[in-house]
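See below for the structure under consideration.
Residues: numbered from 1 along the sequence shown.
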Amino acid sequence: MPSLSDLGQLPKRLVLGRPVRSDRAGESLLPKHLALPIFASDPLSSVAYATQEILIFLTLAGTSFLFLTPWLAAVVVLLLTVVVLSYRQVVHAYPSGGGDYEVAMKNHGRFAGLVVASALLTDYVLTVAVSVSSGTDNIISAFPGLAEHRVLIAVSLVGLLVAMNLRGVRESGKTFAVPTYAFIACIMVMIVTGLVRELVTGSDVVAESAGYAITPEPGYEQVTGLALVFFVLRAFASGCTALTGVEAIANGVPAFKPPKSRNAATTLALMGGIAATMFAGVTALALLADVKYVENACDLVGFDCEGQPQRTVIAQVAAAVFGGSDSFGFFAVQAATALVLILAANTAFNGFPLLGSVLAQDRYMPRQLHTRGDKLVYSNGILLLAGFAILLLVVFDADSTQLIQMYIVGVFTSFSIGQWGMVRHWNRELRAETDPGTRGQMQRSRVINAVGGTLTTVVLAIVVVTKFAGGAWIVIAAMPVIFLLMRSINRHYSHVAEQLVPDTDARMKPSKVHAVVLVSKVHKPTLRALAFARATRPDVLTALTVNVDDADTRALQQDWERYDIPVPLTVVDSPYREITRPVLDFVRDIRRSSPRELVVVFVPQYVVGHWWENLLHNQSALRLRTRLQFQPGVMITSVPWQLESSLDRDGGPRGDGPAPGDMRRGLTDEAEPTPYG
């Protein structure tokens with residue numbers, strides 16, 4: 001018959017499966033065919049909304065500036081190529097998985113490193129929110145009746161992602177590989193089919209929105225001069241969402257199979273080539289099909305904006321290519337797109353916990369983020385990321401258009417600082433290198449990173465200026481808060497470490513030991529505590545009880561004499577019926593009279609086996625222990641007595657030890673059933 005603790009573990013086991021031994025960590029390393037869907041699903045899936053974001057801003061002025069779309073898309077592809085080439089240098093130079101954070105720390109110093117860390121942490125949260133909300137949009141495009149349940153769908157999908165990621169990297173990789181490769185296949189088939197129809201067979205590809213006119217937004221009817229430049233740059237900045245997630249591979253190098261750097265660089269190149277091809281193809285088809293997509297659906301003249309939601313660009317292209325919104329091809333593309341967008345959040349679910357672990361190891365984040373869970377993943381980081389992402393989805397109603405306004409500020413901040421850090425890295429390496437061939441390779445890498453740093457810095461400035469009022473200010477405000485929080489955590493850990501350095505005071509023996517045994521009744525836990533206290537041979541032994549009720553105290557004294565206990569019973573009065581304060585005052589008096597005297601307080605307690613039994617007993621001992629631990633020169637010793645409910649039928653302890661998952665890095669949570677009094 002399973003024990004209570006086993007039943008309590010059942011939901012966890014159903015979600016996570018069996019725990020994995022620490023010595024099997026190497027089995028979780030990823031080959032390239034699994035690493036691609038895990039780490040590259042974000043930039044690959046951005047194909048579904050990058051073109052759409054360009055069109056949204058160009059159509060603010062009606063249709064007069066849609067001719068700029070291919071030029072803006074070409075610049076985005078060029079930028080993607082440069083960034084991919086730049087990060088190939090990073091994975092070779094810094095294969096430990098720190099990515100831009102490690103590059104910034106080692107080449108710019110702590111300030112820049114923490115700026116990068118704060119930028120990446122915010123970007124990972126937004127990656128989850130944007131990917132899931134965009135995936136929800138595509139689900140609604142196929143099934144418009146679900147529009148009113150948008151937030152519930154998005155939050156449920158994040159919960160599903162959490163469960164899958166908590167099961168472990170390799171298992172998640174197998175889960176994510178099929179939809180990612182299916183998405184690539186569907187988009188490629190759609191691109192080839194659409195281009196063949198349009199350019200070879202002469203069969204026009206026409207979107208359902210092609211016949212709609214667009215009412216320009218107020219103030220955008222005539223855009224000229226500097227306003228036009230700002231307008232175009234804003235559209236370009238939105239198209240740069242196609243670059244999000246590129247850095248995840250650099251942060252995830254330790255998860256690759258050896259040779260780690262080479263496999264990561266190959267995966268990065270594959271991701272860049274596939275993403276650029278799909279983005280260019282979808283943009284071309286959207287233009288050929290004359291797709292219209294606006295921020296406010298009511299700006300489409302003739303469109304019933306009240307009766308139905310506006311279909312996404314990818315949905316309109318699929319319907320135009322495959323013959324309507326009821327065709328098999330349309331539903332295949334929508335299903336694959338929705339799945340990959342939802343699973344694209346997995347890039348953040350891998351990157352955020354890894355970065356959190358590195359930061360925790362450097363003492364800039366809580367140590368719990370460096371702890372692995374049952375499946376050898378950083379469970380606390382996964383849960384923390386999910387919590388913040390759900391908060392954003394609820395606050396912004398899972399609206400991808402609003403969320404994207406906050407996007408890419410963080411990622412281009414890390415891009416820029418990281419690339420200039422790589423330039424410093426190569427400068428330092430070149431000063432120490434004498435081999436001409438190696439120096440030539442380093443100089444080429446430096447040029448690549450310098451070009452990458454220049455372009456990403458320019459784009460960062462464009463993004464901040466053009467998106468600030470639209471929502472980027474939230475990220476710009478959040479990053480300093482996270483920065484200061486990490487500095488505060490680091491100061492705390494450093495201060496604690498300084499206080500724990502051994503000194504002469506820590507080595508000095510106490511002048512004597514005064515043992516205090518807390519007594520509520522004469523029963524087995526009390527007698528065991530007295531026996532253990534006597535076995536330690538203290539200089540002074542005091543049995544202490546608090547007089548809350550005179551009749552109970554007299555009965556206790558009579559039992560004390562009847563059992564002939566060889567330790568005097570000391571009674572302290574409590575006129576206000578408190579237990580904790582009189583004990584604290586007694587201990588303080590001992591310390592006050594003899595500061596070098598060590599006080600050891602023995603707390604008798606009995607252990608029950610069911611959670612509801614704890615509710616039936618008061619927690620006086622727990623409160624006492626909590627208060628006593630703040631008293632200098634005082635030690636607290638618990639003396640447990642196991643009741644029948646905590647034992648198996650054969651009289652042995654319940655279970656063979658801590659349940660799987662209870663112990664982490666040599667530490668275990670301590671049970672606190674403390675029914676003293």
State whether the side chain of [X] and the backbone N or O of [Y] hold a donor-acceptor pair below 3.5 Å, judged by distance alone.
X	Y	answer
Asn380	Gln368	yes
Ser414	Val411	yes
Asp549	Ala551	yes
Thr545	Val519	yes
Thr122	Ser118	yes
Arg528	Pro604	no
Thr526	Val522	no

Query raised in the report: Should Ser357 and Leu369 be marked as a side-chain contact (heavy atoms from CB on, under 4.5 Å) after you check the CA-CA gap, both sets of side-chain angles, and the distance that decides it?
Result: CA-CA 5 Å; Ser357 173; Leu369 294 182; 5.8 Å; no

Using a 3.5 Å cut-off and no angle test, enumerate the donor-acceptor pairs between side-chain atoms of residues 534-541 and protein atoms at least two apart in sequence or in another chain.
unit_1: Thr536; atom_1: OG1; unit_2: Ala533; atom_2: O; d: 2.5
unit_1: Asp539; atom_1: OD2; unit_2: Val513; atom_2: N; d: 2.7

State, with a plain yes or no, whether a side-chain heavy atom of [X] is found less than 4.5 Å away from one of [Y].
X	Y	result
Arg625	Gln605	yes
Leu544	Val517	no
Lys524	Leu527	no
Asp362	Tyr101	yes

Query - CA sep, side-chain torsions, deciding dist, call: Val516, Val583, side-chain contact (heavy atoms from CB on, under 4.5 Å) - result: CA-CA 10 Å; Val516 178; Val583 173; over 6 Å; no

Query raised in the report: In chain order, what residues pass the side-chain contact (heavy atoms from CB on, under 4.5 Å) check against Ile390, with sequence neighbours excluded?
Result: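 With sequence neighbours excluded, Ile390 shows a side-chain contact (heavy atoms from CB on, under 4.5 Å) to Val155, Val158, Val394, given in chain and number order.
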
Query - Over 12 foreign heavy atoms within 6.0 Å of CZ, Phe388 - result: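 Counting other residues, nucleotides and ligands, CZ of Phe388 stays at 12 neighbours or fewer.
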
Query - Neighbour count >12 (heavy atoms, 6.0 Å) for atom CH2, Trp560 - result: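 Counting neighbours around CH2 of Trp560, more than 12 heavy atoms of other residues, nucleotides or ligands fall under 6.0 Å, so yes.
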
Report task. Scan Val125, Asp123, Ile476, Val475 and name whichever one has a side chain to side chain contact (heavy atoms under 4.5 Å, CB included) with Met406. Result ->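 The passing option is Val475.
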
**Report entry** Distance-minimising heavy-atom pair for Val546 and Ile579
**Finding:**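 Closest approach of Val546 to Ile579, heavy atoms only: CG2-O, 4.0 Å.
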
Report task. Please identify each residue that fulfils salt bridge (Lys or Arg N to Asp or Glu O under 4.0 Å) with Arg591, with sequence neighbours left out. Result ->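 Salt bridge (Lys or Arg N to Asp or Glu O under 4.0 Å) list for Arg591, sorted by chain: empty.
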
Requested in this report: Scan residues 579-588 for pairs that pass side-chain hydrogen bond (donor to acceptor under 3.5 Å, both in side chains), counting only residues two or more places apart or in two chains.
Outcome: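 As it turns out, the side-chain hydrogen bond (donor to acceptor under 3.5 Å, both in side chains) pairs with a partner in residues 579-588, which skip direct neighbours, are Asp585-Arg588, Arg588-Gln631.
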
Report task. Enumerate the residue pairs fulfilling side-chain hydrogen bond (donor to acceptor under 3.5 Å, both in side chains) with a member in residues 103-114, sequence neighbours excluded, ordered by first and then second residue. Result ->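 Matches after skipping sequence neighbours: Tyr94-Asn107, Glu102-Lys106, Asn107-Arg428, Arg110-Asn490.
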
Quick one: side chains of residues 479-488, donor-acceptor pairs under 3.5 Å with protein atoms, not counting sequence neighbours, listed by atom name and distance.
unit_1: Ser488; atom_1: OG; unit_2: Leu484; atom_2: O; d: 2.9
unit_1: Ser488; atom_1: OG; unit_2: Arg491; atom_2: NH2; d: 3.3

